[in-house]
Amino acid sequence: MRANGLFALREPDGRARLCILGAECLKAIYTAFTTGVFLTGFLLYAGMDQAQIGIVTSLPLLSGILYPLSPLLLERFRRRKVILGSARLFYHGLVILGVTLLPGRVSEGGLLWWMAAALLLGNGLNILVASGFPAWHIGFLPDEIRGRFFAISGIVNSVFTALATFGASVLADAARDSGRQLYWMGMIRLAAFGLALLEVILLLLPREPDYPKSSVGGVRLLTLPFGNRKFCLTMVPVFAWMMISTMTLYCANTYLLKEVEVSYVFISILQAMNIVTTAVVMPFWQRLLLRSSWLGAFQKVFLLFPLYPFLHMLVTKNTYLWLLPVTMLVYQAILAGGTLYFNNMAYLFTPREDRTAYLSWYLMLVSAGSLCGQGLSALMLKLWPQDWVFGTVCVAPAQRILLLQGILAMGFGMWFGRVLLKRLECESRDSDRQSR
């Protein structure tokens with residue numbers, strides 16, 4: 001099937017896929033505005049230190065324990081559009097708008113906990129219905145076109161994200177020079193809230209299917225995925241990827257902004273390289289997939305990922321002008337493959353009739369992995385906030401976390417190839433024999 005056939009406007013499924021792609025693009029933009037370096041800057045200007053930023057960004061991930069309850073709620077409804085749309089609106093209202101309005105309206109001592117509460121409540125509401133949209137929209141992405149759709153969406157999203165990030169970075173640097181940093185960072189977040197509302201509209205436009213009724217109900221629905229050994233084994237690299245890849249999500253940005261004093265514009269220009277990088281390397285990752293398998297290709301990403309943290313930890317005030325571009329280029333090339341393969345992990349061994357239950361556990365593990373990664377980072381920053389000094393060499397806390405990230409990625413990648421892949425291959429052979 002040609003790429004343009006994916007989005008044929010004369011076909012309902014083509015229009016649905018276009019809406020899904022549009023929603024993903026909007027999500028990429030407002031996520032860039034409200035996470036990463038811009039969230040780090042917003043929290044810094046609100047008066048938080050590095051450890052507090054780690055806490056406020058990792059605590060909301062605790063709401064991920066609600067994911068398995070999602071199918072118990074959703075399986076009660078044959079039509080879910082109103083529930084999904086309402087939950088998504090409340091989510092954006094608390095996580096984007098609420099957090100934006102809190103600084104200056106609550107006491108400085110209570111700001112951390114008010115923000116954590118808004119994020120916890122907002123994420124909790126969204127999580128209770130989180131598996132609903134993927135279970136709805138995956139019906140428009142059959143196996144034969146799924147890889148192509150994910151590849152196209154990755155390239156398109158990188159373009160929109162880079163353009164939006166560059167515009168916001170110009171405003172952020174201007175805000176820093178004007179002395180009204182918090183105000184202008186807040187305006188960027190309000191623009192993100194407007195985009196988030198448009199995303200909700202696009203998510204709700206595709207026709208809602210007749211959901212297949214689950215073969216089980218009640219508590220048995222919660223435990224159903226545990227009977228699928230291949231699914232459970234596949235979730236191990238899902239958890240590991242989220243834990244390892246998010247460890248330095250905020251501390252690395254704080255390090256660049258505070259210690260290295262890199263400008264927002266410089267960072268956004270480097271992030272804009274993702275447009276070209278993704279387009280150049282995506283054919284390579286697709287060829288690797290054709291020669292290997294989803295899991296075999298994903299394992300190669302773990303082995304390559306340590307290049308990023310090992311390079312990033314060497315970035316200093318004296319080296320960032322040339323080393324940070326190299327580091328970001330390596331990161332973007334590896335992340336393109338990681339994102340492509342990771343997006344399909346939830347569907348490899350997921351039966352259609354019970355997809356909501358399986359997706360709920362998958363999403364819980366995604367959240368739990370992020371919590372472990374960011375929580376470990378925040379704990380290390382809290383317990384060991386001082387620099388390590390070896391003669392004339394100074395090692396900042398963020399650099400130590402980057403080193404640990406690289407070691408963990410390398411160790412897991414080796415175990416993945418030597419142990420986990422072999423177990424999954426054995427499970428697949430056993431399943432084939434039983435099916436005959």
Side-chain angles (χ1 to χ4, degrees), residues 22-50 52-54 56-57 60 88-108 110-123 126 157-203 249-250 252-254 256-258 261-272 274-275:
E24 288 187 0
C25 291
L26 289 172
K27 181 179 179 181
I29 297 172
Y30 74 68
T31 299
F33 284 177
T34 57
T35 62
V37 66
F38 292 107
L39 177 59
T40 302
F42 178 75
L43 296 178
L44 281 172
Y45 298 144
M48 292 187 178
D49 59 29
Q50 197 172 30
Q52 289 175 321
I53 292 173
V56 80
T57 53
R88 196 76 168 182
L89 283 173
F90 278 112
Y91 165 68
H92 291 317
L94 287 168
V95 171
I96 300 179
L97 183 61
V99 169
T100 304
L101 299 178
L102 281 173
R105 292 173 173 82
V106 299
S107 64
E108 187 173 330
L111 181 61
L112 168 67
W113 304 112
W114 274 101
M115 283 196 171
L119 291 169
L120 272 170
L121 181 57
N123 280 281
N126 186 54
N157 288 352
S158 68
V159 173
F160 280 91
T161 301
L163 293 175
T165 302
F166 179 77
S169 67
V170 173
L171 290 176
D173 277 337
R176 184 156 57 182
D177 295 337
S178 70
R180 303 184 66 192
Q181 301 98 321
L182 189 61
Y183 171 80
W184 286 111
M185 295 298 282
M187 294 301 294
I188 292 172
R189 290 180 60 86
L190 290 177
F193 179 66
L195 295 176
L197 296 181
L198 293 177
E199 178 230 22
V200 175
I201 295 173
L202 288 182
L203 287 173
L249 188 61
Y250 291 99
N253 286 326
T254 306
L256 291 178
L257 292 173
K258 201 170 183 180
E261 298 180 355
V262 183
S263 70
Y264 286 97
V265 169
F266 189 71
I267 293 174
S268 71
I269 291 173
L270 299 183
Q271 290 175 338
N274 192 46
I275 301 172

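Residue numbers run from 1 in the order of the sequence given.
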Worked verdict on Met48 versus Leu111 for side chain to side chain contact (heavy atoms under 4.5 Å, CB included): CA-CA 9 Å; Met48 292 187 178; Leu111 181 61; 4.0 Å; yes
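- Taken to the nearest 0.5 Å, the CG atom of Leu89 stands 10.5 Å off from the CG atom of Asn126.
- Between Tyr30 and His92 the shortest side-chain heavy-atom distance falls below 4.5 Å.
- Minimum interatomic distance between Ala118 and Leu94 (heavy atoms only, all atoms of both residues): O-CB, 3.8 Å.
- Between Thr161 and Ala32, the shortest heavy-atom distance links the atoms CG2-CB, 3.7 Å.
- Contact detail for Leu203 and Arg88: the closest heavy-atom pair is CD1-NE, 3.9 Å.
- For Glu199 against Ala23, the heavy-atom pair with the smallest separation is CG-O, 3.6 Å.
- Pairing each heavy atom of Ala164 with each of Phe33, the nearest pair is O-CE2, 3.2 Å.
- Between Phe38 and Ser169, the closest heavy-atom pair is CZ-N, 3.6 Å.
- Residues forming a side-chain hydrogen bond (donor to acceptor under 3.5 Å, both in side chains) with Gln181 (at least two apart in sequence, or on another chain): none.
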Ile267/Leu257 under side chain to side chain contact (heavy atoms under 4.5 Å, CB included): CA gap, chis, key distance, verdict: CA-CA 9 Å; Ile267 293 174; Leu257 292 173; 4.1 Å; yes
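- Note: Tyr45 and Tyr264 have tilted aromatic rings, judged against thresholds of 30 and 60 degrees for the angle between ring planes.
- Distance CG/Leu39 to CG/Leu44: 9.5 Å, rounded to 0.5 Å.
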In residues 184-195, what donor-acceptor pairs under 3.5 Å come from side-chain atoms, sequence neighbours left out?
residue	atom	partner	partner atom	Å
Arg189	NE	Thr100	OG1	2.7
Arg189	NH2	Val95	O	3.2
Arg189	NH2	Ile96	O	3.4

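- Taking CG from Leu97 and OH from Tyr91, the interatomic distance works out to 13.5 Å, rounded to the nearest 0.5 Å.
- Judged purely by atom type and a 3.5 angstrom limit, Asn253 has no side-chain atom pairing as donor or acceptor with the backbone of Thr40.
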Could you give me the CA-CA distance, side-chain angles and deciding distance for Phe160 and Leu26, then say whether side chain to side chain contact (heavy atoms under 4.5 Å, CB included) is met? CA-CA 8 Å; Phe160 280 91; Leu26 289 172; over 6 Å; no
I'd like to know whether Val265 forms a side chain to side chain contact (heavy atoms under 4.5 Å, CB included) with Phe166, so could you lay out the CA-CA distance, the side-chain angles of the two residues, the decisive distance to 0.1 Å, and finally the verdict. CA-CA 6 Å; Val265 169; Phe166 179 77; 4.2 Å; yes
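- When side chains are defined from C-beta on, Phe90 does not count as touching Leu121, because their heavy atoms never get closer than 4.5 Å.
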